[in-house]
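Data first, discussion second: the structure below is written as C-alpha cells.
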2 protein chains.
Amino acid sequence: MDNNKISIKDIAKFSGYSVSTVSRVLNHTGRFTEATRKKIIKIANQHHYRQNVIAQGMRSGSLSIIGVLVPDITNSYYASIVKKCEQYFFQYGYLTIVCNTNRDPALEQKYIAQLGNHFVDGLIIISTQLTLDNKNLNTFIPTVFIDRFPKSTRNSVLISSDNYTGAVLATQHLLDNNVYPVMVTTKDNNFSSNQKRLRGFKDTARKSGIVSPQIITLSNNSDNLENATKNLRQLLNNIIKKHERSGIFAVNDNLGVYIHQIAMKLNIKVPDTLRIIGFDDSTHAKEAQLSTIKQDINKLALLSCQNLISLLKKELISNRKIIIPVSLIKRQTT
Amino acid sequence: MDNNKISIKDIAKFSGYSVSTVSRVLNHTGRFTEATRKKIIKIANQHHYRQNVIAQGMRSGSLSIIGVLVPDITNSYYASIVKKCEQYFFQYGYLTIVCNTNRDPALEQKYIAQLGNHFVDGLIIISTQLTLDNKNLNTFIPTVFIDRFPKSTRNSVLISSDNYTGAVLATQHLLDNNVYPVMVTTKDNNFSSNQKRLRGFKDTARKSGIVSPQIITLSNNSDNLENATKNLRQLLNNIIKKHERSGIFAVNDNLGVYIHQIAMKLNIKVPDTLRIIGFDDSTHAKEAQLSTIKQDINKLALLSCQNLISLLKKELISNRKIIIPVSLIKRQTT
DNA sequence: GATATTTGCGCAAACGTTTTCGCAAATGGA
DNA sequence: TCCATTTGCGAAAACGTTTGCGCAAATATC
C-alpha cells in the first residue's frame, strides 16, 4: 500500500514522464499537453500524492508560516487577536504557529529563538518583557509588536491602542460624574501600556485640581487577584470613607470586574456610592455591565496583519508606529 | 552585512573545515577536537548562524509541528485545550499550528488538506462536522479527535468527556431539587456530544416517571444567542407558568448563562422560581455562579497530548476511545 | 620499532522540489 | 519543400542539512 510517501519522482516513474514535467503539470506552469496533464493527474490521484511543503520550502526558502507570540491564549483579548491574525494570514496562504509565553521572558526568548530557525516568515509579538532582548531578533525577521515595544527594533512595526487618551477619557468621565477619582493598578505596571494609562490618569486628575492623585498598586499581578482580596476590601472601605462620592479607574477590566464583585460583597452600592470604570472592553466587562474604555481589537489585529504582510512584501511603510483610537463605553457602573 | 542567510557551508568555508565537521560540531555528534569545536562555534556565533529547520526537515522528513484544529479559539473551552496542547508539545520539541475552522466544514477540510502536505507530524482535531469526510485524512497522519468523532478512522485516538453521565447528573440534580426538568438546546445538536447529553436527559427524566421529557431546541446556534432572545422570553414564561417549580438543563454554559440573564431581566427569581444548570464549567459559568457539569479539561487535554505522542512514537495503544468522567458543580442557580 | 587501534575529518549521497537550459519534434509561413 | 518558429519535454543543478564510509594521522600495544 502506498501510504503518504509518494513523491513527484514516483509519479514520474509510474507515468513515464520526467520529474520536471510532473512538476509543471502539478503547478500548472510551463508547457504540456492536455493529454499528459490528464495522465499525470490521474496517477497522482490514484496514489494520493501530497505535495511536500518541506521540499518546496527548501527551494523557496520559506514555509509560509507566521508566528504569533502571546502571553496566554486563554485571555480573551489575546485570543481575539490570535484568531483574527490566523484567519487573515490563512487567506494569504500562511499558516500560524501560536506560542503561549506564559508571561515568562525566558520562555519567550526560547520561542523566538526556535521560530528564528527559518520556521516563520514573520512574527506578531505581544511581548511580556519590558525591554525585549533582541539578540534573537537580529535575524531580522519581519515583526509587528503589539502593545509593548522593545527598545530598538529593525524591520518591524509597532502598534498599540491609545492608552494615554483612554486613561484621560476614563478619568475625565469619573470627574464628570462628580466623584473623586482613584486609580487601582497592579504590579504589572512595567508594561508600557500600563505606564501610559497611569500617566493619563495623573495628568487628567492634576488638571482638575487634584495635587497628588491617588494611585493604589496591588501587590499581585492580574492573574492572581484572589491573593489581593484582603487588601482590596480595606482599600475600598477606606476610599468610600474618605470621599463620599468616589470612583475607581481600574487599569484593566479584569481588575475592574473584580473590584465590582468585592464591592457588591461588601454591600457597597455601585454606582451610587462607588463608581467603577475599567479598560479593554473585555467580554467580562460586557457581562458585568462595567463601564470601560473600549480598545478596537479588530482594527488593532487587522492593522497588525496588514503591516506584517507589507513588511513581508518589503513594501514601503510610511508609519512604523501606529496608535489606535479608543472610546468610552458607559455602562451601569458609572 | 550577513543577514540571516548564513549556512553551514559558509561556516565551513570561513573556518576551513568541511561541512560535515561543522555539522557534527553543531549537533554534538561524531568526533572532533575541542579546539575545532571552539573555532567553529566562534565563527558560527560571529555570523549569527541559525540552523535551517527546513533543510533539517527535508532530511528527517518532519518539521516537528503539530496541528490543532478548533472551531473558534475565542471560546474559552477551546482556548484552554489549545493552550495545554501547545505547552505540552513545546516541551517535547514540537511547535503548534492553530487553525480556527469557524464551524465551517469546508474550511476545516481546507485546513486538513493543507496540513496534510507534510506540514505536521500529528493532529488534534475538535471537528465541526458530524461525519468527517476522511478523504483528506487518508494520509494517515496520527490524529487525536476530541469530543466529536468521524465515522471511521485509522491511526487515531478518540477522546471525550462523559457527556451522557454528565447529563444524567444534571437532570438528576434538578429532580433532587424537586423541580420539573426541561432541557434547552440549540440547533448544533448534530454534534455527538450534544446528542449524548440529550439522551442522558431523556433517559433520566423518563426513569423518574416523566413520559415525554420536554426539550426546547432554539433555532440559532450558540454563537448567535441574541437572535433567540424573543423566543426564549416566551419560553421561560411558559415554563414557569406550567410548573410552579421548574429547572432548566442548558446544553452548555453559554446558553445557561444567557438563560440566567434573561430570567433576571424578566424578574424571574433564580433559584427560587427557576433553577438552571449548565454544562462545561466555563469561566462564564463561574462568574455567573451557574451550577454546571464540570468537564475535566486539563485531563482531557493532557490525555490528548499523551496519546498523540504515543501515536507519533508508534507505541502500542490499548484504549483508542477514552471517556473522561465529569462532576457536578453546585452553585447559586440550583 | 613494528603493528593494531583509535581519532579527526573530508567526500559524497540523499531528502523532494522548482526552474533554467536545451534539444528534438511539430507546426507555421512562403 | 525549405527554413523559422513554436511546442513538449528531459537533464541537471540547486536549496541546507545529516550521515555512512573511508583515509590518513595520531595513539596505543607489545
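Quick note on labels: first sequence line is chain A, next is B, and so on, each numbered from 1.
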With ring centroids as reference points, do B:F32 and B:Y17 lie under 6.0 angstrom apart?
-> no
Sidechain-backbone polar pair: B:E86 side chain, A:N100 backbone, donor-acceptor under 3.5 Å | yes
State, yes or no, whether a side-chain contact exists between B:T36 and B:K39 at a heavy-atom distance under 4.5 Å.
-> no
Spacing of A:Y17 atom OH relative to D:dT7 atom P, expressed in whole Å | 18 Å
Near DNA chain C, which residues from residues 30-43 of chain B have a heavy atom under 4.0 Å away?
-> B:R31, B:F32, B:T33, B:T36
Which residue, A:I297, A:D147, A:N298, forms the side chain to side chain contact (heavy atoms under 4.5 Å, CB included) with A:I81?
-> A:I297
What orientation do B:Y94 and B:F89 show, parallel under 30°, tilted 30 to 60°, or perpendicular over 60°?
-> perpendicular
Compute whether any side-chain donor of one residue and acceptor of the other, for B:S62 and B:S60, lie under 3.5 angstrom apart.
-> no
Separation of A:I54 atom CD1 from C:dT18 atom P, in whole Å?
-> 14 Å
Between C:dT17 atom C1' and A:L26 atom CG, what is the distance in whole Å?
-> 11 Å
N or O in side chain of A:S18 less than 4.0 angstrom from D:dG10 OP1/OP2 | yes
Verify the distance criterion only: is there a donor paired with an acceptor across the side chains of A:T21 and A:S18 at less than 3.5 Å?
-> yes
Walking DNA chain C from its 5' end, the first of B:S20 and A:T21 to be reached, judged by nearest nucleotide, is B:S20
Would you say the ring centroid of B:Y88 lies under 6.0 angstrom from that of B:Y92?
-> yes
Atom pair distance, as rounded to whole Å: CZ in B:R24 and P in D:dG20 | 11 Å
Could you go through nucleotides 14-17 of chain D and list every protein N or O atom that sits under 3.5 Å from one of its N or O atoms, giving the distance for each pair?
residue, atom, partner, partner atom, Å
D:dT17, OP1, B:Y49, OH, 2.7
D:dT17, OP2, B:I8, N, 2.6
D:dT17, O5', B:Y49, OH, 3.4

